[in-house]
Amino acid sequence: MSTLTRIGSQNANWQLIQTGIPGCMEARFPAHPDERGVFVKTFQCSAFQRQGLETNFVEVFYTVSGENVLRGMHLQLPPANHAKLIYCIAGSVSDAVLDLRQGSPSYGKHAFIELSAGSCNGVYLPSGVAHGFCVRTAPAIIVYHVTAEHTPHLDVGVAWNSFEAVWPTNSPIVSARDASLPPLADFDSPFTYTEHAR
């Protein structure tokens with residue numbers, strides 16, 4: 001069952017909701033709508049640090065994806081492994097996380113988090129949790145904050161259709177690289193779960 005933690009100060013009310021994957025949380029951002037639109041704060045270092053989350057983001061990037069595009073399931077191997085904060089600023093996606101940490105109570109399990117620009121939410125993934133998404137409403141723009149720079153020879157993944165995920169479409173648009181990723185059963189994980197790991 002999901003648990004809810006509120007963090008922040010008088011000026012910010014953050015919500016972190018456990019996803020069922022230890023250390024992987026849906027983040028609900030403080031949003032302040034008015035007649036002009038909405039102001040959304042997607043990150044505050046002190047608020048995240050109070051929860052023991054990694055905050056040394058060293059690279060930020062975004063993807064733009066069309067209808068039925070599926071990207072995933074991606075992560076980086078040590079020593080370039082990283083935590084991620086991911087959110088949607090246009091469109092909507094079914095965002096997937098897959099636990100690849102040996103010894104984790106949820107190893108090989110996944111969770112879906114629905115992300116959209118209108119929901120003002122995101123997802124925080126600790127190292128050793130793979131990430132992917134499938135577009136529901138296009139174009140979908142996904143922003144990533146990561147704690148290690150992209151390192152191509154350590155960038156790996158697991159096939160999107162090799163675990164028990166029920167995606168929004170049976171015929172997604174997948175890159176040649178993602179189509180060639182190994183199945184979960186063949187992934188030799190270097191990641192080890194510890195109870196305090198975020």
Side-chain angles (χ1 to χ4, degrees), residues 1-34 37-63 73-89 92-107 109-133 141-151 189-198:
M1 187 166 191
S2 296
T3 57
L4 172 66
T5 302
R6 295 180 187 274
I7 57 178
S9 63
Q10 282 186 322
N11 297 324
N13 186 25
W14 305 79
Q15 297 179 12
L16 294 177
I17 302 167
Q18 296 289 347
T19 62
I21 306 297
C24 186
M25 289 171 274
E26 178 186 358
R28 294 186 181 172
F29 305 131
H32 305 280
D34 62 21
V38 63
F39 172 88
V40 182
K41 185 177 289 189
T42 58
F43 176 69
Q44 184 183 68
C45 185
S46 61
F48 277 63
Q49 285 179 338
R50 280 194 291 274
Q51 296 301 306
L53 306 182
E54 292 188 57
T55 59
N56 57 323
F57 297 121
V58 298
E59 191 168 80
V60 179
F61 51 93
Y62 68 88
T63 58
M73 300 291 296
H74 304 149
L75 74 170
Q76 288 196 162
L77 298 175
N81 51 305
H82 53 213
K84 298 178 183 178
L85 174 65
I86 297 163
Y87 50 90
C88 183
I89 59 171
S92 65
V93 301
S94 288
D95 201 84
V97 296
L98 174 65
D99 195 344
L100 297 176
R101 298 167 295 176
Q102 298 283 359
S104 170
S106 60
Y107 179 81
K109 304 295 185 185
H110 71 281
F112 277 107
I113 304 97
E114 298 299 315
L115 301 182
S116 70
S119 295
C120 302
N121 66 338
V123 61
Y124 175 89
L125 292 78
S127 172
V129 176
H131 172 259
F133 66 83
I141 302 177
I142 303 295
V143 180
Y144 304 71
H145 296 246
V146 295
T147 59
E149 294 183 9
H150 181 240
T151 307
S189 178
F191 301 98
T192 302
Y193 173 80
T194 53
E195 233 177 282
H196 64 276
R198 294 290 188 170

Do we see a donor-acceptor contact under 3.5 Å between the side chains of Gln102 and Ser189?
no
Test side chain to side chain contact (heavy atoms under 4.5 Å, CB included) on Lys41 and His32 and set out the steps.
CA-CA 9 Å; Lys41 185 177 289 189; His32 305 280; over 6 Å; no
Side chain Tyr124, main chain Glu54, donor-acceptor under 3.5 Å:
yes
Is a side-chain N or O of Gln76 found less than 3.5 angstrom from the main chain of Thr151, in a donor-acceptor match?
yes
Note: Glu149 and Val58 closest approach over all heavy atoms is N-CG2, 3.7 Å
Separation between CD (Gln49) and CG (Asn56), nearest 0.5 Å, reads 9.0 Å
Could you walk me through whether Leu75 and Asn81 pass the side chain to side chain contact (heavy atoms under 4.5 Å, CB included) check?
CA-CA 7 Å; Leu75 74 170; Asn81 51 305; over 6 Å; no
What about Phe29 and Tyr87, are their ring centers closer than 6.0 Å?
yes
For residues Leu16 and Gln51, report the shortest heavy-atom separation together with the two atoms involved.
CD1-CG, 3.8 Å
Report yes or no: does Thr55 contribute a side-chain atom to a donor-acceptor pair with the main-chain N or O of Cys45 at less than 3.5 Å?
no
In Å and rounded to the nearest 0.5 Å, what is the NZ to CD distance from Lys84 to Glu59?
11.0 Å
Closest heavy-atom contact between Ala96 and Met73?
O-CE, 3.5 Å
Parallel, tilted or perpendicular: which one describes the rings of Tyr144 and Phe133, with boundaries at 30° and 60°?
tilted
Is the backbone N or O of Pro22 less than 3.5 Å from a side-chain atom of Arg101, with the two atoms forming a donor-acceptor pair by type?
yes
Do the side chains of Phe191 and Ser104 get nearer than 4.5 Å, heavy atoms only?
no
Sub-3.5 Å donor-acceptor pair from the side chain of Thr194 to the main-chain atoms of Thr192, do we have one?
no
Minimum heavy-atom separation for Leu125 and His131, please, with both atom names.
CD2-CB, 3.5 Å
For Asp95, all residues meeting salt bridge (charged side-chain N to carboxylate O under 4.0 Å, His left out), sequence neighbours excluded:
none
The side-chain hydrogen bond (donor to acceptor under 3.5 Å, both in side chains) partners of Glu114 (sequence neighbours excluded) come to Ser94, Arg136
Distance from His82 atom NE2 to Leu77 atom CG, nearest 0.5 Å?
10.0 Å
Please give me the minimum heavy-atom distance between Ala111 and Thr19, naming the atom from each residue.
CB-O, 3.7 Å
Considering all heavy atoms of both residues, which atom of Ala31 and which atom of Cys120 are nearest to each other, and what is their separation?
CB-SG, 3.9 Å
Rounded to the nearest 0.5 Å, how far apart are CD1 of Ile142 and OG1 of Thr63?
5.5 Å
According to the interplanar angle, ranging from 0 to 90°, do the rings of Phe112 and His110 count as parallel (below 30°), tilted (30 to 60°) or perpendicular (above 60°)?
perpendicular
